[in-house]
Amino acid sequence: MTTRTRFAPSPTGHVHIGNMRAAVFNWLYARHTGGQFLLRVEDTDRERSTPEAIKTLLEAMDWLGLNYDETPLYQSTRMNVHLAAAEQLLASGHAYKEDKGGTGQGECIIFKMPGTDIEFTDLVKGTLRKSAADMADFVLVRSNGTPVFHLANVLDDIEQKITQVIRGDDHVENTFRHIAMYKALGAPVPQFAHLPMIVNAQGKPYSKRDGDAFVGDFQTKGFFADALFNYLALLGWSPGDEREVMTRDEMIAAFDLSTVRSSPAQMDLRKLLWMNGEYVRAMRPVEFATMCREELRTIRLEIGENAAAIFALMQERIKIRTDIIPAMTFFCTDDYEYDEKAVEKKLSKPEIFQTLEKIAGILEGLQPFDAETVNKALHDFVEQGGLKFGDVMPPLRIAVSGQQSGPDLAPVLAILGKDDVLARIRKTIARFS
RNA sequence: GACCCCUUCGUUCAGCGGUUAGGACUCUAGGUUUUCAUCCUAGCAACACGGGUUCGAUUCCCGUAGGGGUCGCCA
């Protein structure tokens, strides 16, 4: 039997990271088993389910590469079916109407639990059991005539012929009810897999309040979809060996629900950043160049003729797209900003300006002005003057780039060119001495 | 409160009766005879606690503690 999994979010404008990881696991499982991955939009909450919210959801799916099979099912189109099923359950004695007196809410339809214990084998948590005494009847149709989540969710899973329901841990209690419903409806019961929650930095489950946990935010922060996907896949799961940076195909091949952990996991942004850096380094030079050019263009900067050399120098140092502008601006313009702390720390002593003056003099006479020659000249200067590299190089770097860290200085100087370097050194001296 | 779930380094993933308890991220120290956000090497750092079972428990069982989830008209 071919497997069919689904991602069934309610489009509230933002999909948070825990939900998206559920989507990732559903996708991986479907792809691993050669089955289908379906999307269902649970848009019955009319107030929150706006067209924009749905658009945001679809864009997030697309961005992460979570391609789905078949046309998405919009739950709101199925209300009649849901209601009809409630009537059927009523007719078959699996549900009853009740007018909860005193509240003035009117009559609702309530599902009658079978009165027997229910047990199922969760694909990640193992056997789970609940005794009849611990399960109460529950509302299927509100007194205002609308179906509740349980009814809609189960019926749509039946409609979409879902074989594995892979969802968050917070649904385990619902599962007992859902199983009772499948049986009452005469439908085959799917398998269930409950994923542990992803918790925030405080160790608490992500909530709407954790504004930094939306998928779109990772995109705007400059993370790559592939890196985020890779990181998310590793939250609660591992291939069983020590691989971490993996291609999608590798993840698909190795994925299995039985090796998913059942304890909650916390996101570590630092590791995500590291992983993103791994993806940057793995980029083809052309891709990296294109990304840099596009990013710099957003602040109307164009990279000069030494672009290739600059990209080669920077690719291993950039960890995330948003690093590009701060790290590369000085290559594109003389109008770079000085890191105040760096200036304070390294350009405070008066004698440093004399040193810079001397360096400028030496560099001026250099021919050719390539990295090797520059490097040698700087070394000679330090040695002959009985100076320390640490006292000379950092100020020079700040002078030409405004920053206290960056790639090897000699190639940087060579790329900037003699005239530019001299101008920058003199500008710096004039400004801070 | 009731029911259910979870518990290995700061984080994450291994380990599934006998291991010097491993990898990764972070951090620290050294190195790459200059910076450094890269790279290399080394290092710090964990089995929540208490009982069992067993020749032997991180591993199996039972408790305790802590955390989380759910509890008839949210999804």
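Each chain gets a letter, A, B and so on, in the order the sequences are listed, and its residues count up from 1. This structure is a prediction, so every number in the text was calculated from the model and none was measured. Just so it is clear, the values below take in all heavy atoms, side chains as well, and ignore hydrogens, waters and symmetry mates.
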Whole Å only: how far is the CG atom of A/Leu235 from the C1' atom of B/U11? 10 Å

For A/Phe176 and A/Phe120, take the angle between the two ring planes, folded into 0 to 90°, and tell me which bin it lands in: parallel under 30, tilted 30 to 60, perpendicular over 60. perpendicular

For RNA chain B, whose closest nucleotide is more 5', that of A/Gly236 or that of A/Gln403? A/Gly236

Across all strands, who's sitting opposite B/A2 as a Watson-Crick or G-U wobble pair, both distances under 3.5 Å? B/U70

Side-chain ion pair, A/Arg6 and A/Asp157, N-O less than 4.0 Å: yes

Of the candidates B/A37, B/U7, B/U70, the side chain of A/Glu173 sits closest to B/U70

Shortest side-chain distance from A/Val148, nucleotide among B/A75, B/U34, B/C13: B/A75

In chain order, what residues pass the ring pair (Phe, Tyr, Trp, His ring centres under 6.0 Å) check against A/Tyr68, with sequence neighbours excluded? none

By nearest atom, which of the nucleotides B/C4, B/G22, B/C73 is closest to the A/Lys130 side chain? B/C4

State whether the distance check finds a donor on one side and an acceptor on the other, under 3.5 Å, for side chain A/Lys271 versus base B/A24. yes

Under 4.0 angstrom, heavy atoms only, what part of the nucleic acid is A/Ser238 near: base, sugar-phosphate, or nothing? sugar-phosphate

Over all strands shown, is A/Asp408 touching base, sugar-phosphate only, or nothing at heavy-atom distances under 4.0 angstrom? base

Does any nucleotide pair with B/C44 by Watson-Crick or G-U wobble geometry, both distances under 3.5 Å, and what is it? none

Which residue, A/His171 or A/Pro326, contacts RNA chain B at a nucleotide closer to its 5' end, judged by nearest heavy atom? A/Pro326

Please give the distance between the C1' atoms of B/U34 and B/U11 as a whole number of Å. 34 Å

So, is A/Arg243 close to the B/A24 phosphate, meaning a side-chain N or O under 4.0 Å from OP1 or OP2? no

Per the atom types in the model, does the base of B/C4 pair as donor or acceptor with the side chain of A/Arg129 at under 3.5 Å? no

Please verify the inter-ring angle class for A/Phe192 with A/His194; under 30° counts as parallel, over 60° as perpendicular, anything in between as tilted. parallel

Expressed as a whole number of Å, how far does the C1' atom of B/U8 sit from that of B/A14? 10 Å

Distance, P atom - from B/U28 to B/U64, rounded to whole angstrom: 43 Å

Options B/U34, B/A37, B/C71, nucleotide nearest the side-chain atoms of A/Phe389: B/U34

Counting the atoms with a prime plus P, OP1 and OP2 as sugar-phosphate, which does A/Leu234 contact under 4.0 Å by heavy atoms, base, sugar-phosphate, or nothing? sugar-phosphate

Can the ring centres of A/Phe214 and A/His14 be said to be less than 6.0 Å apart? yes

Which nucleotide in the list B/A75, B/C5, B/C4 gets nearest to the side chain of A/Lys125? B/C5

Atom-pair distance (CH2 on A/Trp237; C1' on B/U12), nearest Å: 14 Å

For A/Lys319 against A/Val280, the heavy-atom pair lying closest together: O-CG2, 3.7 Å

Going by modelled atom types, is there a donor-acceptor pair between the base of B/C6 and the side chain of A/Ser262 at under 3.5 Å? no

Using the C1' atom in both, what is the distance from B/U58 to B/U41, to the nearest Å? 30 Å

Using atom OH of A/Tyr279 as one end and atom P of B/U38 as the other, report the distance to the nearest whole Å. 19 Å

Report yes if the distance between the aromatic ring centroids of A/Phe138 and A/His150 is under 6.0 Å, otherwise no. yes

So what does A/Ser49 hit on the nucleic acid, given a heavy-atom distance under 4.0 Å: a base, only sugar-phosphate, or nothing? nothing

OP1 or OP2 of B/A24 under 4.0 Å from side-chain N/O of A/Arg270: no

Using a cut-off of 4.0 Å on non-hydrogen atoms, how would the nucleic acid contact of A/Ala136 be classed: base, sugar-phosphate, or nothing? nothing

Need one value for A/Pro407: base, sugar-phosphate or nothing, where a base atom within 4.0 Å counts as base even if backbone is also close, heavy atoms only. base

d(CE, A/Met275; C1', B/C13) in whole Å: 11 Å

So, is the end of the A/Arg21 side chain (NZ or CZ) under 6.0 Å from the ring centre of A/Phe25 and within 45° of the ring's axis? yes

Pick base, sugar-phosphate or nothing for A/Asn144, based on heavy-atom distances below 4.0 Å to the nucleic acid. nothing

Would you say the ring centers of A/Tyr338 and A/Phe432 fall short of 6.0 Å from each other? yes

Whom does B/G63 pair with, Watson-Crick or G-U wobble, provided both distances fall under 3.5 Å? B/C49

Mind calculating the distance between CG (A/Leu272) and P (B/U11) to the nearest angstrom? 17 Å

B/A46 versus B/G22 - spacing of their P atoms, nearest Å: 11 Å

Inter-nucleotide C1' distance (B/C25, B/C9), Å rounded: 12 Å

Would you classify A/Gln315 as touching base, sugar-phosphate or nothing, given that sugar-phosphate means primed atoms plus P, OP1 and OP2, and contacts are heavy atoms under 4.0 Å? nothing

Students often get this wrong, so: under 4.0 angstrom with heavy atoms, is A/Asn375 touching a base, only sugar-phosphate, or nothing? base

B/C25 - base-pair partner by Watson-Crick or wobble geometry, distances under 3.5 Å: B/G10

Once you apply a heavy-atom cut-off of 4.0 Å, does A/Ser263 come out as touching a base, just sugar-phosphate, or nothing? sugar-phosphate

Of the listed B/U11, B/A24, B/U26, the closest approach to the A/Glu244 side chain comes from B/A24

Can you identify which nucleotide, out of B/C6, B/U34, B/C36, has its nearest atom closest to the A/Pro264 side chain? B/C6

Integer-rounded Å distance: B/U7 P and A/Gln266 CD: 16 Å

Using whole Å, report how far CG of A/Leu273 lies from P of B/C27. 11 Å

Validation row, ring centre A/Trp27 to ring centre A/Phe229 under 6.0 Å: yes

On a whole-Å scale, what distance lies between the C1' atoms belonging to B/U38 and B/A45? 25 Å

So, A/His150 and B/A75: ring centres less than 5.5 Å apart, planes less than 30° off, yes or no? no

Is the phosphate of B/C13 approached by A/Arg261 (side-chain N or O, under 4.0 Å from OP1 or OP2)? yes

Answer with base, sugar-phosphate or nothing: what part of the nucleic acid does A/Asp137 contact at a heavy-atom distance below 4.0 Å? base

Rounding to an integer number of angstrom, what distance separates B/G30 and B/C36 when you compare their P atoms? 12 Å

Counting just side-chain N and O atoms, does A/Lys388 come under 4.0 Å of either OP1 or OP2 of B/U34? no

Rounded distance (Å) that lies between atom P of B/A37 and atom CH2 of A/Trp274: 17 Å

